[in-house]
Amino acid sequence: MGDFAKQVYFLVRKIPSGKVVTYGQIAKKLGRPKAARAVGNILHQNNSSQIPCHRVVNKEGKLAVNYRFGGWRCQREKLVNEGIKFKDEKGVEFDSILKTSEVE
DNA sequence: AAAGTGACGCATT
DNA sequence: TAATGCGCCACTT
């Protein structure tokens, strides 16, 4: 596992329940603003349920269609259980997205 | 070492 | 508003 991947997991672990963060925010926070796509790849490889990767969405607040564990429905269900509200089928409300400045 | 992959994002239509 | 096109980049082969 690469260094970058470790940093990604470190950050994802810190996302509080009831909030979500975007791929781009994570990339930016790690000093690689253009690596959003790579972040997605890394999470896709992840198998550990120790990491709350369901709390990561894209810039529009939408769920990843190819979510690893059981697809986006499963991801949606987890988020709903954590109190996240959806504006439509796959899109979370914008105010549930953590501000970049608040990402640890 | 080089090429292929894709949970992205921005600009352009 | 939605749909492409394309650059990007860590990983894997």
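Chain letters run A, B, ... following the sequence lines, proteins first and then strands; every chain starts at 1.
We find that CD of A:E60 is positioned 15 Å from P of B:dA7, with the value rounded to whole Å.
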Original post:
Run the side-chain contact (heavy atoms from CB on, under 4.5 Å) check on A:C53 and A:F69 step by step: do they pass?
Top reply: CA-CA 10 Å; A:C53 54; A:F69 313 103; 4.0 Å; yes
**OP:** Apply side-chain contact (heavy atoms from CB on, under 4.5 Å) to the pair A:V20 and A:L79, showing each step before the final yes or no.
**Re:** CA-CA 9 Å; A:V20 299; A:L79 290 175; 3.9 Å; yes
**OP:** Evaluate side-chain contact (heavy atoms from CB on, under 4.5 Å) for A:R55 paired with A:V21, printing each intermediate quantity in order.
**Re:** CA-CA 6 Å; A:R55 296 183 190 144; A:V21 161; over 6 Å; no
Original post:
Could you walk me through whether A:I26 and A:V12 pass the side-chain contact (heavy atoms from CB on, under 4.5 Å) check?
Top reply: CA-CA 8 Å; A:I26 293 174; A:V12 171; 3.8 Å; yes
Using distance only, find each side-chain donor-acceptor pair of residues 83-91 of chain A under 3.5 Å and give its atom names and separation, not counting sequence neighbours.
unit_1	atom_1	unit_2	atom_2	d
A:D88	OD1	A:K90	N	3.1
A:D88	OD1	A:G91	N	2.7

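By the side chain to side chain contact (heavy atoms under 4.5 Å, CB included) test, A:R32 is found to be paired with A:F4, A:A35, residues two or more places apart in sequence or in another chain being considered. Contacts of A:E77 classified as salt bridge (charged side-chain N to carboxylate O under 4.0 Å, His left out), with partners at least two apart in sequence or in another chain: none. Residues satisfying the side chain to side chain contact (heavy atoms under 4.5 Å, CB included) test with A:N58, not counting sequence neighbours, are A:Y23, A:E60, A:K62.
Nucleic acid contact for A:A64: base, since at least one base atom lies under 4.0 Å from a heavy atom of the residue.
Between the A:R68 side chain and the A:H44 main chain, a donor and an acceptor come within less than 3.5 Å of each other.
Residues of residues 13-30 of chain A that place a heavy atom closer than 4.0 Å to DNA chain C do not occur. Within residues 93-104 of chain A, no residue has any heavy atom closer than 4.0 Å to DNA chain B.
Listed by first and then second residue, the salt bridge (charged side-chain N to carboxylate O under 4.0 Å, His left out) pairs involving residues 21-31 of chain A amount to none (not counting sequence neighbours). Under the side-chain hydrogen bond (donor to acceptor under 3.5 Å, both in side chains) criterion, the residue pairs touching residues 91-104 of chain A are A:Q25-A:T100, with sequence neighbours excluded.
Neither OP1 nor OP2 of B:dA7 sits under 4.0 Å from any side-chain N or O of A:N58.
For the pair A:M1/A:Y9, a side-chain contact is recorded, criterion being any heavy-atom separation below 4.5 Å from C-beta on.
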**OP:** Spell out protein contact along nucleotides 5-13 of chain C as letters: B when the base is contacted, S when just the sugar-phosphate is, - when no protein heavy atom is under 4.0 Å; keep the 5' to 3' order.
**Re:** --BBBBSS-
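Atom NZ of A:K59 sits in a sparse spot, with 12 or fewer heavy atoms from other residues, nucleotides or ligands closer than 6.0 Å.
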N/O-N/O pairs, protein side and nucleotides 11-13 of chain B side, under 3.5 Å:
none

